[in-house]
Amino acid sequence: MTNVGDEDYAARVGTGYFSLCAIGGMLSAGTTHLAITPLDVLKVNMQVNPIKYKSIASCFTILLREQGPSAFWRGWTTKFIGYGVQGGFRFGLYEYFKTLYSNVLVDCNRTPVFFLSSASAEVFANVALCPFEAVKVRVQAQPHFAKGLLDGFQKTYTSEGVLGFYRGLVPLLGRNLPFSMVMFSTFEHSVDFLYRNLIQRRKDECSKVQQLGVTCLAGYAAGSVGSFISNPADNIVASTYTKKADSLILAIKKIGLFNLFTRSLSIRILLVGPVVTLQWLFYDTIKVFGGFSTSGQVVSEIAERSAAQVQD
């Protein structure tokens with residue numbers, strides 16, 4: 001196994017590297033989101049019906065009593081497929097755009113490259129996710145709307161047409177664009193910080209187990225910071241899809257500025273931190289088995305490669 005940077009690999013193997021990243025992102029995102037479906041059901045219901053469901057405990061008790069255990073797995077197919085598709089675009093295109101922008105913005109600070117790469121990838125990822133998210137929220141928050149993915153798609157199309165699937169695209173982008181930009185940038189900077197200040201060794205001098213340990217630490221930091229940044233838009237998405245508000249402005253007025261940041265924040269942090277950690281772990285494990293190094297760049301190693309290229 002050759003120990004060189006991800007961008008060097010991308011230049012050598014072309015689309016094969018990006019395809020592996022897309023597959024890794026699809027599998028990691030789909031499986032982790034499937035696993036936390038019960039927590040997602042609690043989150044969505046707390047957002048849509050905050051008066052009825054005032055806490056995680058009360059939401060769990062009421063749903064269990066009124067709808068039974070099966071209520072906690074409502075919408076699992078839309079989560080598995082929808083977020084799997086989103087993960088494929090998010091991770092695969094992030095690696096592609098990072099390589100592209102790194103070659104264009106050679107002398108630029110790394111943070112703009114991370115922001116631009118993640119934002120570019122997230123636009124495509126959210127256009128693909130939006131129809132699945134529209135069905136998922138309704139299935140989870142409106143028990144009589146549909147049983148699952150297939151009849152949910154059919155009922156949404158019958159009642160609202162194609163536009164019904166993209167009713168929440170703007171708030172969805174408002175949620176996921178900042179989340180993705182902060183998440184990827186935090187991850188990259190956390191990896192750099194851990195190798196340079198804590199481990200104090202080059203990445204290729206560490207074992208794969210150690211590298212995956214760094215991935216987990218950086219992944220948890222990335223998920224926790226991203227969940228706080230994106231919480232207001234997440235509340236708006238739930239309100240828009242369940243028709244609690246007909247527009248973005250009405251949703252903000254109805255929820256209130258304070259509640260935008262605080263409503264369901266605790267369960268989102270409980271959800272997003274571990275989920276993002278597992279996603280990065282699964283993703284990087286797939287990359288390692290594919291013959292590549294783990295994700296994240298170390299500034300000192302980038303400088304060394306640049307100096308070597310100048311000498312050549």
Side-chain angles (χ1 to χ4, degrees), residues 27-87 129-160 164-165 167-168 171-172 175 223 227 230-231 233-245 251 254-255 259 262-279 282:
L27 293 176
S28 63
T31 53
T32 51
H33 277 281
L34 173 63
I36 51 91
T37 298
L39 290 175
D40 190 52
V41 170
L42 294 176
K43 175 186 73 74
V44 170
N45 280 276
M46 288 174 64
Q47 290 173 329
V48 174
N49 299 299
I51 297 177
K52 182 177 181 179
Y53 306 116
K54 297 181 179 180
S55 67
I56 297 174
S58 66
C59 185
F60 176 83
T61 303
I62 294 172
L63 285 176
L64 183 62
R65 182 177 66 247
E66 294 182 353
Q67 302 178 33
S70 62
F72 298 106
W73 290 98
R74 188 174 291 121
W76 71 268
T77 51
T78 54
K79 280 186 68 66
F80 178 67
I81 299 174
Y83 281 92
V85 172
Q86 183 205 35
L129 170 66
C130 201
F132 296 95
E133 184 76 357
V135 175
K136 177 191 78 74
V137 171
R138 293 175 186 178
V139 168
Q140 290 179 339
Q142 300 171 352
H144 303 295
F145 174 74
K147 294 181 180 180
L149 178 64
L150 295 179
D151 59 334
F153 264 92
Q154 182 179 2
K155 286 189 175 181
T156 301
Y157 180 76
T158 302
S159 60
E160 299 183 53
F165 295 110
R167 172 191 293 270
L172 190 66
R175 179 188 75 183
S227 63
S230 61
N231 195 62
D234 189 57
N235 280 299
I236 294 173
V237 168
S239 179
T240 303
Y241 277 135
T242 54
K243 299 183 180 180
K244 295 289 182 178
K254 189 168 185 179
I255 297 171
N259 288 332
T262 58
R263 182 180 294 175
S264 72
L265 178 61
S266 58
I267 194 169
R268 281 207 79 221
I269 293 177
L270 182 66
L271 270 169
V272 177
V275 166
V276 172
T277 303
L278 288 174
Q279 282 184 17
F282 292 169

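Note that these values count all heavy atoms, side chains included, but never hydrogens, waters or copies made by symmetry. For reference, positions follow the sequence shown, starting with 1.
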Taking all non-hydrogen atoms of both residues, which atom of [X] and which atom of [Y] are closest, and how far apart?
X	Y	result
I62	K52	CD1-O, 3.5 Å
F132	G82	CG-CA, 3.5 Å
S159	T156	OG-O, 3.3 Å
G87	A29	CA-CB, 3.7 Å
C59	Y53	CA-CD2, 3.6 Å
F165	A134	O-CB, 3.8 Å

Going through the checks in order, is the side-chain contact (heavy atoms from CB on, under 4.5 Å) test met by Y83 and T78? CA-CA 8 Å; Y83 281 92; T78 54; over 6 Å; no
Give a yes or no on whether the ring-centroid distance for F60 and F72 is below 6.0 angstrom. yes
pair L64-P69: side-chain heavy atoms closer than 4.5 Å: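 A side-chain contact exists here, since the closest heavy-atom pair is under 4.5 Å.
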- In Å, rounded to the nearest 0.5 Å, how long is the span from CG of L34 to OG1 of T77?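 With rounding to 0.5 Å, CG (L34) is 9.5 Å from OG1 (T77).
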query = Side chains of Q279 and H33: is there a donor and an acceptor less than 3.5 Å apart?
reply =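 On atom types as modelled, these side chains qualify, holding a pair under 3.5 Å.
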side-chain contact (heavy atoms from CB on, under 4.5 Å), that's the test. Do K136 and R74 meet it? Break it down for me.
CA-CA 8 Å; K136 177 191 78 74; R74 188 174 291 121; over 6 Å; no
Sub-3.5 Å donor-acceptor pair from the side chain of D40 to the main-chain atoms of I36, do we have one?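 No; zero donor-acceptor contacts below 3.5 Å.
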Residues at least two apart in sequence or cross-chain that pass side-chain hydrogen bond (donor to acceptor under 3.5 Å, both in side chains) with S55, listed by chain then number, are S58
Please name all residues satisfying side-chain hydrogen bond (donor to acceptor under 3.5 Å, both in side chains) with K54, sequence neighbours left out, ordered by chain then number.
->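 K54: no side-chain hydrogen bond (donor to acceptor under 3.5 Å, both in side chains) contacts found.
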Notebook entry, point to check: Which of these, R175, K79, R167, sits in a salt bridge (charged side-chain N to carboxylate O under 4.0 Å, His left out) with E133?
Noted result: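 The passing option is R175.
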Point to revise | Steps toward side-chain contact (heavy atoms from CB on, under 4.5 Å) verdict (V41, L63) | key: CA-CA 10 Å; V41 170; L63 285 176; 4.0 Å; yes
Worksheet item: Hey, is CD on Q67 packed in by over 12 heavy atoms from elsewhere, all under 6.0 Å?
Response: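 It does: Q67 CD has more than 12 such atoms within range.
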